[in-house]
Number of protein chains: 2
Amino acid sequence: MTTEKDSNPLSLDNQICFSLYSAANAMVRAYRPLLNKLDLTYPQYLTMLVLWEHEGISVKTLGDKLHLDSGTLTPLLKRLEGKGLISRGRSEKDERVRVLHITPEGESLRESAMEIPELMRCKVGTPTQSLVQLKSLCDQVYHELAVEKS
Amino acid sequence: MTTEKDSNPLSLDNQICFSLYSAANAMVRAYRPLLNKLDLTYPQYLTMLVLWEHEGISVKTLGDKLHLDSGTLTPLLKRLEGKGLISRGRSEKDERVRVLHITPEGESLRESAMEIPELMRCKVGTPTQSLVQLKSLCDQVYHELAVEKS
DNA sequence: TGTAAGTATATTGTGCACAACTGAATTAAC
DNA sequence: GTTAATTCAGTTGTGCACAATATACTTACA
């Protein structure tokens, strides 16, 4: 038997995007108490992840990796600079580009951050295999929505 | 062979949550051009979906359905009221609760909204079966992260 | 060489998302 | 029945996310 609720395309229960949106919000909420100990927000944490792996990159390159633009990143990076975790230099070759560096304080924060993935993993009982599948599906959807822009 | 990149827990490529976060952002971005025609944002659209299905509910009930709190909803609802799509009355039984109603303008917007799910579906080439799976995994993760609060 | 096109970052303004808090109204305890 | 605890909505302040725009710098090319 098919009820109206099942077939109504405007029913919230049938909206895949709402599930995605709610799960992402819940995920950021779940990170918050862990990241508070590092005095970082989730986007700031992501930024530090990239900078720990790629020293001296530009705002543009960072934005490409995080899928965020300068309107979001510039104030975020200023806040990280204000906390003394990064420095925002200028490229000598090209005066337009900012070159982002980790400070010693930023580098030392890396150790505390090491335990975050494991702590976060404990909050979700979902089997690893399902999470890998979730990641794969999210990446797939992202690329189909992002490529379409061209 | 296992490279450092594969095993580093702080590598962005290994972060399931980053994929979830990026996919959700991309999804909201993809809705934007469609919703601009209705002069709605994505959270406003979600709110209208709920109110089209459940006339006369409270801010609390709406928040429970959308997983959002009054700090987010109060200004959003004022904007919807400002556009003439809803009215924000008071319950007669309990003076604390706001009772949300759809106006005729809000009701007429429903027809234009009917085509949104189909248009959105066209933007994603992912097979329906995969999307159903994605929804199921997102719901699972949401509940595990949300229940844990108690 | 001058100028046009393109690129990198920054600014402004809007709208969430949420924590922390306030105040008013309701309910429960005594 | 008054006090205490709870509940609902709203306010304030911070930090994204993004569109639109501005500005400075670089490159191409006429």
Side-chain angles (χ1 to χ4, degrees), chain A residues 18 21-33 35-36 38-48 57-64 66-83 88-100 142 145-146 149, chain B residues 18 21-33 35-36 38-48 57-64 66-83 88-100 142 145-146 149:
Chain A
F18 173 65
Y21 164 82
S22 291
N25 282 345
M27 179 275 291
V28 172
R29 266 196 301 271
Y31 262 103
R32 208 181 307 268
L35 292 177
N36 277 345
L38 311 188
D39 189 27
L40 291 176
T41 64
Y42 183 66
Q44 288 169 12
Y45 168 71
L46 289 178
T47 300
M48 293 305 290
I57 64 171
S58 68
V59 175
K60 176 78 165 65
T61 307
L62 176 65
D64 288 345
L66 294 178
H67 315 310
L68 295 172
D69 71 357
S70 71
T72 301
L73 290 176
T74 296
L76 186 154
L77 292 167
K78 284 183 179 174
R79 279 186 284 270
L80 288 179
E81 186 184 40
K83 293 179 195 182
R88 298 163 62 244
R90 287 278 186 197
S91 165
E92 292 180 2
K93 292 181 209 156
D94 188 335
E95 284 291 324
R96 292 169 306 177
V97 341
R98 284 274 187 198
V99 176
L100 305 169
Y142 171 80
L145 292 176
K149 284 199 302 185
Chain B
F18 173 64
Y21 164 82
S22 291
N25 281 346
M27 179 274 292
V28 172
R29 267 197 298 273
Y31 263 103
R32 207 180 309 265
L35 292 177
N36 277 346
L38 310 188
D39 188 28
L40 291 176
T41 64
Y42 184 65
Q44 287 168 13
Y45 168 69
L46 290 179
T47 299
M48 293 305 290
I57 63 171
S58 68
V59 175
K60 176 75 165 66
T61 306
L62 176 65
D64 288 345
L66 294 178
H67 315 309
L68 295 172
D69 72 357
S70 70
T72 302
L73 291 175
T74 296
L76 186 154
L77 292 168
K78 284 182 179 174
R79 280 186 284 270
L80 288 179
E81 186 184 41
K83 293 179 196 183
R88 299 163 62 244
R90 287 277 187 199
S91 165
E92 291 180 3
K93 291 183 212 155
D94 187 336
E95 284 290 324
R96 292 170 305 178
V97 340
R98 284 274 185 197
V99 176
L100 305 169
Y142 171 80
L145 292 176
K149 284 199 302 185

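Residue numbers start from 1 in every chain, and the chains themselves are labelled A, B, ... in the order their sequence lines are given, proteins ahead of strands.
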Can you find a side chain N or O atom of K78(A) that sits less than 4.0 Å from OP1 or OP2 on dT11(C)? yes
State whether the distance check finds a donor on one side and an acceptor on the other, under 3.5 Å, for side chain S70(B) versus base dG10(D). yes
Whether T72(B) contacts dA17(C) is assessed here as follows: a side-chain N or O lying under 4.0 Å from the phosphate OP1 or OP2. Is that the case? no
Atom OH of Y42(A) and atom P of dT14(D) are separated, to the nearest Å, by 24 Å
Determine: side-chain N/O of Q44(B) to OP1/OP2 of dC16(C), distance under 4.0 Å, yes or no. yes
dC16(C), OP1 or OP2 - any side-chain N/O from T41(B) closer than 4.0 Å? yes
Tell me: CG of D94(A) to C1' of dT7(C), nearest whole Å? 8 Å
Nearest-nucleotide 5' precedence on DNA chain C, P75(B) against E92(B): P75(B)
Rounded distance in Å - CG (L100(B)) to C1' (dA9(D)): 11 Å
Out of dT26(C), dA10(C), dA9(D), which has the shortest distance to the side chain of T74(B)? dA9(D)
Output the rounded distance in Å from CG (L68(B)) to C1' (dA9(D)). 15 Å
When you measure from the side chain of R32(B), which nucleotide among dA9(D), dC18(C), dC18(D) comes out closest? dC18(D)
Could you tell me how far apart K60(B) (NZ) and dT6(D) (P) are, to the nearest whole angstrom? 15 Å
Hey, does the side chain of R98(B) reach the backbone of V59(B) with a donor-acceptor pair shorter than 3.5 angstrom? no
What does L76(B) touch in the nucleic acid at a heavy-atom separation under 4.0 angstrom: a base, only the sugar-phosphate, or nothing? sugar-phosphate
If you take atom types as modelled and just measure distance, does the side chain of R96(B) reach the base of dT7(D) with a donor-acceptor pair under 3.5 Å? yes
Rounding to a whole Å, what distance do you find between R98(B):CZ and dA9(D):P? 9 Å
Counting just side-chain N and O atoms, does R79(A) come under 4.0 Å of either OP1 or OP2 of dC16(D)? yes
